[in-house]
Amino acid sequence: MESSFFGRLTFDALPHLWYTIGGTAFLTFMIILGAALLTKLKRWSWLWHEWLTSTDPKKIGTMYMIFAALMFFRGMVDVGMIWLQQSLAADGPGFLTADHFQQVFTSHGDIMVFFVTMGFFFGLMNWIIPLQIGARDLAFPFLNSLGFWLTVAGGGLINLFFTIGGEFANTGWLAITPLSELEFNPGAGVDYLIWSLQLSGLGSLLAGINFFVTIIKKRAPGMTLMKMPLFVWSSLCAVVLIISAFPVLTATTFLLWLDRCFSMHFFTAGFGGNQMMYFNLIWMWGHPEVYILVLPAFGMFSEIVSTFSQKRIFGYVSMVCAAIAITLLSYMVWLHHFFTMGAGANVNSFFSIMTMLIAIPAGVQVFNWILTMFQGKIIFASPMYWFVGFLCTFILGGMAGVLLASPPADYQVHNSLFLVAHFHTMIIGVALFGIFAGTTYWFPKIMGFTLNERLGKQAFWLWLIGFFVSFIPMYLLGFMGATRRLDTYAASTGWQPLFITAAVGYVIIWCGIITQVWQIIVSIRDRKKNMDTTGDPWNGRTLEWSISSPPPFYNFAVIPTVVSHEPFRDMKDKGCAPKTHYEDITLPKNTGMGIYISGFAFLVGFAIVWHILWLALLGLVCTIACIILRSFDDDTEYELSAEEVQRMETSKMRKIKS
């Protein structure tokens with residue numbers, strides 16, 4: 001009776017290892033501390049009504065970034081454990097078992113890709129895209145809330161093994177078969193990974209659809225496709241990849257779950273299973289995912305380099321064409337991840353050529369950024385520092401990528417730390433530096449005051465130096481034969497000094513993170529001194545800088561008319577005053593249904609992990625019931641009268657003048 005009621009869940013699943021006990025204790029302490037603080041300040045109602053149930057894309061964007069920041073610190077703890085283990089593991093076991101090391105390795109990859117990088121980008125896209133295209137909201141406000149909370153549900157499930165289960169997948173972040181099959185991984189760890197990706201993948205897919213429809217249908221009058229800011233263009237390309245690639249991930253991991261739960265043998269080592277089919281399917285998603293992570297960063301850098309060079313972006317049309325070319329070519333390069341697996345010379349040659357071709361549009365963008373700076377009046381504010389750091393790392397990573405695109409060279413460094421270093425060069429040097437640049441650039445628009453410039457530049461230098469100290473040794477180790485997922489090695493290899501150097505770089509990076517946290521604290525303390533009263537602290541060129549900082553909840557009192565891809569620059573050049581003919585505004589009401597649906601979906605995932613059939617059915621029925629209830633709810637919007645808009649705009653102008 002107990003086994004049928006609780007499935008595979010037993011007392012052995014409760015925390016019993018040092019890291020699960022410690023993780024559970026820390027999470028419990030933080031939850032109690034947060035609850036006590038909210039109770040003392042009497043902020044529970046405010047939190048629920050103003051934030052958690054909000055359909056305002058700006059608030060959802062802020063919650064995305066807070067969630068991503070929390071997951072970032074979680075992922076960085078994993079990095080520290082990996083590098084400390086490798087530093088200590090010469091002719092010795094280190095402090096982690098081999099199995100625990102692989103779990104940490106897997107957890108780090110999934111958290112940083114799915115919940116950190118994509119979380120930050122969705123946060124900034126929620127904030128900036130409606131403002132740049134002159135829209136008051138996304139096309140589907142409720143879908144925006146649901147997508148966020150499904151992502152949170154996936155993040156909660158991927159961390160739940162700390163409390164219930166005691167182990168995570170030890171398969172690598174892509175759950176490579178047949179290692180992830182039931183024969184080799186009978187525990188709950190792989191199931192936690194599968195269902196966390198199912199939930200977060202669905203959230204990302206809904207967000208991608210929402211942004212696609214918003215960009216296509218909600219642009220301001222006069223804003224044709226070729227008048228959109230480059231951040232909007234690059235985001236559009238990224239969401240096209242999300243819409244087309246994430247169903248492949250969902251289907252692939254679902255087939256893997258069918259293998260594990262119902263012995264279907266799609267990818268098993270025997271009984272007709274085909275592991276190469278898994279490799280093809282997972283990388284058909286996986287390589288477009290790389291460009292999902294870097295394309296929004298390219299758009300951010302385009303906005304930043306134009307603003308701080310005080311001139312129009314060089315080659316706008318070629319930048320758009322390059323982004324589209326990267327998007328299309330990203331579908332045709334996945335097989336370079338397994339050149340060594342016997343596909344044959346013809347197949348390898350085709351994918352090698354495609355991989356090298358994708359460097360051309362990326363190079364076009366680099367040259368256009370450089371030519372934008374040429375003869376420009378460059379202002380070296382901290383966002384521009386991140387841009388210059390990105391150029392240095394991107395060129396290094398790009399050259400390493402072209403090397404890996406050559407099958408003969410790839411045969412030598414495949415599955416080595418050279419590959420790991422290349423991947424991190426692109427994700428840290430491009431995506432993460434882009435996140436830091438974009439957050440710094442748009443921070444005064446989001447918060448209403450600028451970040452401390454001195455601390456921002458210090459953080460940049462610590463990050464840049466720490467990055468090179470950490471990953472240059474990994475390039476060298478890859479050439480020397482060190483494989484990835486390496487938890488121990490012989491001292492006679494001479495690798496330990498390089499692993500120790502990489503760990504020192506990690507410490508320097510943490511100094512940069514601490515500096516960034518201190519930068520935010522100091523900036524909040526000095527916010528009155530650094531207040532953005534103009535809405536345009538950087539002399540910006542696009543629509544988001546034409547309204548107050550932070551923007552009102554309705555974004556634009558009057559939707560502007562656009563004549564170029566730099567509409568605010570045109571307004572300033574022509575001395576155009578903003579229109580003041582106010583009209584009634586229709587806005588979405590807040591709703592907690594996204595939380596309810598995601599909560600029940602989380603329950604379904606948890607129940608499936610532990611084979612608790614009745615709980616899975618209950619969660620599924622409740623999820624469907626909530627969706628039906630929402631679909632029949634007609635009271636989802638409210639009207640803001642033109643008189644009320646005029647009153648708020650007048651009050652805002654008085655405050656700015658005072």
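The basis for the numbers below is simple: all heavy atoms, side chains too, and nothing from hydrogens, waters or symmetry mates. We count residues from 1, following the sequence as given.
Between Phe5 and Trp614, the ring center distance clears the sub-6.0 Å criterion. Between Tyr192 and Phe168, the distance separating the two ring centers is not shorter than 6.0 angstrom. The aromatic ring centroids of Tyr489 and Phe499 lie less than 6.0 Å from each other. A ring-centre distance under 6.0 Å is not found for Tyr411 and Phe339. Side-chain rings of Trp285 and Phe114 approach one another, their centers coming within less than 6.0 Å. When ring centroids are compared, His287 and Tyr291 come within the 6.0 Å threshold. Taking the centre of each ring, Trp334 and Phe351 come in below the 6.0 Å mark. Aromatic ring centroids of Trp83 and Phe471 lie under 6.0 Å apart. Here the two rings, on Trp257 and Phe262, have centers that are under 6.0 Å apart. For an aromatic pair to be called close, the ring centres must be under 6.0 Å apart, and Phe436 with Phe390 fails this.
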Start with the C-alpha gap between Phe433 and Ile428, add the side-chain angles, then the distance that decides, and say whether side-chain contact (heavy atoms from CB on, under 4.5 Å) holds. CA-CA 6 Å; Phe433 280 17; Ile428 295 177; 4.0 Å; yes
Would Leu146 and Leu150 count as a side-chain contact (heavy atoms from CB on, under 4.5 Å) if you check the C-alpha gap in whole Å, the side-chain angles of each, and the deciding distance to 0.1 Å? CA-CA 6 Å; Leu146 178 59; Leu150 283 170; 4.0 Å; yes
side-chain hydrogen bond (donor to acceptor under 3.5 Å, both in side chains) between Thr425 and Tyr475: does it pass, once the steps are laid out? CA-CA 10 Å; Thr425 302; Tyr475 280 110; 2.8 Å; yes
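Side-chain atoms of Arg8 come within 3.5 Å of backbone atoms of Val609 as a donor-acceptor pair (strictly under, hydrogens ignored). At least one donor-acceptor pair closer than 3.5 Å links the side chain of Asn280 to the backbone N or O of Met276. A donor-acceptor contact shorter than 3.5 Å links the side chain of Thr393 to the backbone of Gly429. At distances below 3.5 Å, at least one donor-acceptor pair connects side-chain atoms of Thr488 with backbone N or O atoms of Gly92.
Rounding to the nearest 0.5 angstrom, the gap separating the CG atom in Leu615 from the CG atom in Leu603 is 4.0 Å. With rounding to the nearest 0.5 angstrom, the CH2 atom of Trp283 is 7.5 Å from the NE2 atom of His336. From Phe120, atom CZ reaches atom CZ of Phe67 across 11.0 Å, with rounding to the nearest 0.5 Å. Rounding to the nearest 0.5 angstrom, the gap separating the CE atom in Met112 from the OG atom in Ser107 is 10.5 Å. For the atom pair OG of Ser200 and CD1 of Ile111, the computed distance is 11.0 Å after rounding to the nearest 0.5 Å.
Between the side chains of Tyr331 and Ser244, at least one donor-acceptor pair of N or O atoms lies under 3.5 Å. Between the side chains of His265 and Thr268, a donor-acceptor pair is found at a separation under 3.5 Å.
The aromatic rings of Phe122 and Phe211 lie parallel to each other, with less than 30° between the two planes, well short of the 60° mark.
The nearest pair of heavy atoms linking Phe267 to Met277 is CE2-CE, 3.6 Å. When all heavy atoms of Thr24 and Pro15 are compared, the pair lying nearest together is OG1-CG, 3.4 Å.
Side-chain contact between Leu432 and Phe467 is absent, with no heavy-atom pair separated by less than 4.5 Å. Side-chain contact between Leu417 and Thr483: absent, with no pair of heavy atoms (C-beta onward) separated by less than 4.5 Å. Between Ser330 and Val290, the closest side-chain pair of non-hydrogen atoms is not below 4.5 Å. Residues Met264 and Leu255 fail the side-chain proximity criterion, which asks for heavy atoms closer than 4.5 Å. The side-chain heavy atoms of Leu84 and Tyr506, taken from C-beta on, include no pair separated by under 4.5 Å. Contact of the Arg74 side chain with the Asn159 side chain is registered, since non-hydrogen atoms from C-beta on lie closer than 4.5 Å.
Atom CZ of Phe26 is surrounded by 12 or fewer heavy atoms from other residues, nucleotides or ligands within 6.0 Å.
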